[in-house]
Every structure is written in C-alpha cells, then in structure tokens.
Amino acid sequence: MKCDDSNLQKMMDYVNLTITKQTHILQDMLVKNCPGRRMNKCVENVSYKKSTGQSSTLSPSADYNSSHGVDGLTPSGYEHMIHTNTEKNPFWWVNLGREYLVERVEVWNREICCAERTRNMDVTVGPTLNDMNLCAHYKGPSQKGEHLVLGCTKRMRGRYVKLQIQGTVALNLLEVKVFALKTCSN
C-alpha cells in the first residue's frame with residue numbers, strides 16, 4: 001500500500017473508527033460489570049447530524065430534505081423540514097452510525113399547518129432497515145407545534161431508527177431526536 005496523503009488519511013480514519021468502536025464496547029462492559037464505579041450510563045441525543053433518508057421528498061426543493069430532521073433546528077415556517085409526497089405508508093429514517101440502546105424518540109411537529117397528519121405512526125429500531133422492531137406507536141392525531149416524547153416499551157438495541165405513518169398521507173416533521181444510553185464519566 002502506498003503511503004501518500006490520501007491513503008494515509010484513509011488508514012488513520014480506519015484506525016480511529018476501530019479504536020472508537022472498541023472503546024465503546026469496553027465502556028459498555030465496564031458499566032455492565034461494575035455498576036456505580038466511576039462510570040454511569042446517561043441518555044443523550046445520538047441522532048444529531050447523522051445520515052438520513054425518506055421514502056420520497058416533496059418537490060425537488062432542498063427545503064424538505066430528510067437531513068433537516070436531525071439538524072437541531074425547529075423553524076416555524078413552511079420550509080426546512082422533513083416532508084415526503086403524499087403516498088402510502090411514508091417513512092423517514094436515521095442511521096446512528098453504530099448500535100445504541102435506544103430509550104426514546106422525540107419529535108417536533110410543524111407549528112403552522114398539517115399537524116393532524118402525524119397519526120398512526122410507528123417508531124421502529126433495528127440493526128438494519130430490513131430488520132426493525134417496534135419501539136413505540138403514536139395513535140395521534142398530533143397538534144400544531146406539539147413536542148412528542150415516544151418512549152420505547154423497553155430499551156432497544158439498534159443502529160437505525162425509522163418513523164412510518166400507516167395510511168396514505170404526507171409525512172412532515174420539523175425535528176427528530178433519538179435518545180440512547182451512552183457511557184459517561186462521573
């Protein structure tokens with residue numbers, strides 16, 4: 001293998017990713033085997049600025065891109081939100097980058113219009129988008145500007161979190177935060 005700048009950076013990225021994964025595994029083992037010993041579990045938003053996708057995007061506008069769901073912003077206007085076309089069973093998902101124990105998902109609904117669309121929504125968690133389990137179901141309908149806190153029936157291990165509305169409707173939300181257990185120092 002050549003040791004030019006490009007290859008060197010790729011090797012360093014691989015090493016850093018491997019070290020990070022191994023650190024998380026070891027921290028999880030310490031917390032499990034040594035409760036109350038200088039390491040605690042804390043809950044943190046693990047979805048901020050992570051990779052996302054959705055079943056479709058309303059118009060070709062960047063204002064309705066799936067990435068707006070994890071940008072940390074909750075605007076009140078008609079733009080800068082998750083928004084699919086009206087379709088059967090629309091969905092949105094986030095890749096957390098690694099597996100976490102997901103505790104809850106929080107959703108911010110639009111303030112101006114169409115909040116009633118958020119109903120019959122399943123929140124699923126899994127290691128892949130093809131292997132998901134139900135975390136929570138929101139019967140709804142939601143209210144304008146409502147902040148929904150959807151707790152999993154039990155903590156669920158997964159890398160992906162998906163929101164899907166059952167029925168023919170558009171999915172439109174301002175922000176989604178996935179809260180999961182992380183290892184934190186005292």
Rounded to the nearest 0.5 Å, what's the gap from [atom1] on [X] to [atom2] on [Y]? Could you check?
X	Y	atom1	atom2	answer
R155	R104	CZ	CZ	10.5 Å
S55	Q164	OG	CD	7.5 Å
M156	C135	CE	SG	6.0 Å
M81	D71	CE	CG	11.5 Å
T168	N85	OG1	CG	12.5 Å

Quiz item: Members other than Y48 in its cluster, when Ile, Leu, Val, Met, Phe, Trp, Tyr link by side-chain heavy atoms under 4.5 Å?
Solution: none
Quiz item: Does L134 sit in a hydrophobic cluster with other residues, and if so which ones, taking ILVMFWY side chains as linked at heavy-atom separations under 4.5 Å, directly or through other members?
Solution: none
Exercise. Of all the heavy-atom pairs spanning E87 and S56, show the shortest one and how long it is.
Key: OE2-OG, 2.7 Å
Exercise. Please lay out, stage by stage, how R119 and K139 fare under the test side-chain contact (heavy atoms from CB on, under 4.5 Å).
Key: CA-CA 5 Å; R119 65 170 65 212; K139 184 178 179 183; over 6 Å; no
Quiz item: Backbone N or O of L96 within a donor-acceptor pair of the K50 side chain at under 3.5 Å?
Solution: yes
Quiz item: N45 side chain to F179 main-chain N or O, any donor-acceptor pair under 3.5 Å?
Solution: no
Shared hydrophobic cluster for [X] and [Y] (ILVMFWY, side-chain gaps under 4.5 Å):
X	Y	result
Y64	W108	yes
F91	L58	no
W93	V178	no

Checking [X] now: which residues fulfil side chain to side chain contact (heavy atoms under 4.5 Å, CB included) with it, not counting sequence neighbours?
X	answer
K144	A115
V169	P90, R117, I165
Q54	T57, S66, I82, T84, W92

Quiz item: Hey, are the side chains of V161 and V105 touching, using non-hydrogen atoms and a 4.5 Å cut-off?
Solution: yes
Self-check item: By salt bridge (Lys or Arg N to Asp or Glu O under 4.0 Å) - contacts of E99 (at least two apart)
Solution: none
Could you list the donor-acceptor pairs under 3.5 angstrom formed between side-chain atoms of residues 146-153 and any protein atom two or more places apart in sequence or on another chain?
unit_1 : atom_1 : unit_2 : atom_2 : d
E146   : OE1    : S142   : OG     : 3.1
E146   : OE1    : Q143   : N      : 2.7
H147   : NE2    : E106   : OE1    : 2.7

Self-check item: Test log, rule side-chain contact (heavy atoms from CB on, under 4.5 Å), inputs L173 and T118
Solution: CA-CA 8 Å; L173 303 167; T118 306; 3.6 Å; yes
Taking side-chain hydrogen bond (donor to acceptor under 3.5 Å, both in side chains) as the test, write out the residues that go with [X], two or more places apart.
X	value
E175	none
D122	H137, Q166
Y160	N95

Would you be so kind as to tabulate the donor-acceptor pairs closer than 3.5 Å made by side chains of residues 124-132, with sequence neighbours excluded?
unit_1 : atom_1 : unit_2 : atom_2 : d
T128   : OG1    : N130   : N      : 3.3
T128   : OG1    : D131   : N      : 3.2

